[in-house]
Q: 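Have a look at this one before I ask anything.
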2 protein chains.
Amino acid sequence: MEGPPRTGSAFLLAQLGAHAARRFTERIAELDLKPPQTGLLRVIARRPGESQQTLAAELGTPPTRLVALVDGLEQRGLIERRRNPQDRRLYAVFLSAAGKKLMRSLAEVGTAHEDDLMSALSTEERATLFDLLSRVAEKQGLAPGVHPGYRGS
Amino acid sequence: MEGPPRTGSAFLLAQLGAHAARRFTERIAELDLKPPQTGLLRVIARRPGESQQTLAAELGTPPTRLVALVDGLEQRGLIERRRNPQDRRLYAVFLSAAGKKLMRSLAEVGTAHEDDLMSALSTEERATLFDLLSRVAEKQGLAPGVHPGYRGS
DNA sequence: TATTGTTATACTCTATAACTATA
DNA sequence: TATAGTTATAGAGTATAACAATA
């Protein structure tokens, strides 16, 4: 009785998930991005022209948070705010050309991250792991591509 | 080209890890515990009588953080500080009887948590997943039982 | 002097509430 | 009045630096 093993899959998942998120945070720091910024860029890339309210709902974050987030990315010229002519209260948010270029760098970072993280496994084993994780995620009701917890890494 | 799928295993791991940590946080709230407290209790259970400096190093957290953490658990009667007679600068930290009892409740919570999280998989699939995750964790240099990120859930 | 534990401080991140401008 | 966006404020969590007691 020298302390429980305490390494179920649930614990391993939390441990590996935190590790993966931390490594990814380090990698995107080279692009001068933080996880919430990355998450916002991804949502804008997927649904260009949405209002900030819609983006906030999509990210599961309070609308007030988006203001500073959008401000920062806009000042760096990565995204653009355009007024909606039909309803001038709304902004429509788009990626700029520089933003689209950054998204390509981000995709490369993601690939390198995936390869490094899965380096312990063969191609076949990676497919098995992906299948098992997908089923667990679906059963837990997790929406594909959304990240509750660290919003946006 | 309507947005990348963006669901590699690395992303799934981060997503599921955050989910697992969040669910576990909810469960231990019923025991009036927060993740860092749980992590500290686990370390003390595994290595009773260590100094706060040693516990801090074990958790990978600054020693200053432990003070308030130990204070809170001591005031609830879950752990005990005893001066080390050989070196009166040091405290030796132990679980109280109430603390040991709480650890048993915590073990039950952990089992329920594991069962719920793995409910999508058969017994055999759970073993496969555990094996794959263990190998990924080992290759990534993660110490068994330690939790970088959320320290102590 | 070096080390353990402590206190005080500041910084980051995030959420809540109040304000403006448009509708 | 209702809604989009904004600003201001406050709270939690955490890290850094200075301090007292003991060695």
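Order of the sequence lines sets the chain letters (A, B, ...), proteins ahead of strands, with each chain counted from 1.
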Q: Give the rounded distance in Å between these two atoms: CG of A:L66 and C1' of D:dG5.
A: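 About 11 Å, once rounded to whole Å.
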
Q: Report the residues that fulfil side-chain contact (heavy atoms from CB on, under 4.5 Å) with A:E138, sequence neighbours left out, ordered by chain and then residue number.
A: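 A:E138: no side-chain contact (heavy atoms from CB on, under 4.5 Å) contacts found.
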
Q: Which of the following nucleotides, D:dA15, C:dA15, C:dT6, is nearest to the side chain of A:R65?
A: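 Nearest nucleotide to the side chain: C:dA15.
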
Q: Checking all strands, does B:R81 fall into the base, sugar-phosphate, or nothing category for heavy-atom contacts under 4.0 angstrom?
A: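 Counting heavy atoms under 4.0 Å across all strands, the contact made by B:R81 is with sugar-phosphate only.
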
Q: List the residues meeting side-chain contact (heavy atoms from CB on, under 4.5 Å) with A:T64, not counting sequence neighbours, and say none if there are none.
A: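 Applying side-chain contact (heavy atoms from CB on, under 4.5 Å) to A:T64 gives A:P62.
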
Q: Just the rounded figure in Å: distance from C1' of C:dG5 to CD of B:E50.
A: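 Computing the B:E50:CD to C:dG5:C1' distance gives 16 Å.
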
Q: Listing request: all ring-ring contact (aromatic ring centres under 6.0 Å, His included) pairs with a residue in residues 98-122 of chain B, at least two apart in sequence or in separate chains.
A: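 Sorted result for residues 98-122 of chain B: B:F24-B:H113.
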
Q: Should the pair B:E125-A:R135 be classified as a salt bridge under the 4.0 Å nitrogen-to-oxygen rule?
A: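 Looking at B:E125 and A:R135, the cut-off is met.
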
Q: Calculate the interatomic distance between B:L69 atom CG and C:dT6 atom C1'; express it in whole Å.
A: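 Rounding to the nearest Å, CG of B:L69 and C1' of C:dT6 are 15 Å apart.
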
Q: Using the test side-chain contact (heavy atoms from CB on, under 4.5 Å), find all partners of A:A98 that sit at least two apart in sequence or belong to another chain.
A: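 Counting only residues at least two positions away or on another chain, A:A98 forms a side-chain contact (heavy atoms from CB on, under 4.5 Å) with A:L78, A:S96.
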
Q: Quick one: is C:dT12 close enough that its OP1 or OP2 comes under 4.0 Å of any side-chain N or O from A:K34?
A: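 Indeed not, no polar side-chain atom of A:K34 lies that close.
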
Q: Whole angstroms only, please: what is the CZ-P distance between B:R88 and D:dA23?
A: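 These atoms are roughly 5 Å apart.
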
Q: Less than 4.5 Å apart, side chain to side chain, heavy atoms only: is that true for A:I28 and A:K34?
A: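 Side-chain contact under 4.5 Å: no.
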
Q: Between D:dT14, C:dT6, C:dT14, which nucleotide has the shortest distance from any of its atoms to the side chain of B:P36?
A: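 Per side-chain heavy atoms of B:P36, the pick is D:dT14.
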
Q: Tell me, which pairs form a ring-ring contact (aromatic ring centres under 6.0 Å, His included) where one or both residues lie in residues 69-91 of chain A, sequence neighbours left out?
A: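 Passing the test, one end in residues 69-91 of chain A: no pairs.
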
Q: What protein N or O atoms touch nucleotides 16-19 of chain D N or O atoms at under 3.5 angstrom, if any, and at what distances?
A:
unit_1	atom_1	unit_2	atom_2	d
D:dT16	O4	B:T64	OG1	3.3

Q: Using the salt bridge (charged side-chain N to carboxylate O under 4.0 Å, His left out) rule, collect all pairs that involve residues 82-95 of chain B, keeping only residues at least two apart or in two chains.
A: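 Salt bridge (charged side-chain N to carboxylate O under 4.0 Å, His left out) check on residues 82-95 of chain B returns B:E80-B:R82, B:D87-B:R89.
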
Q: Could you write out each protein N or O paired with an N or O of nucleotides 2-4 of chain C at a distance under 3.5 Å?
A:
unit_1	atom_1	unit_2	atom_2	d
C:dT3	O4'	B:R89	NH1	3.3
C:dT3	O2	B:R89	NH1	3.1

Q: Separation of A:L40 atom CG from C:dT14 atom P, in whole Å?
A: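 Going from CG in A:L40 over to P in C:dT14 covers 13 Å.
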
Q: Name the atoms and distances for all side-chain donor-acceptor pairs under 3.5 Å in residues 102-110 of chain B, with sequence neighbours left out.
A:
none

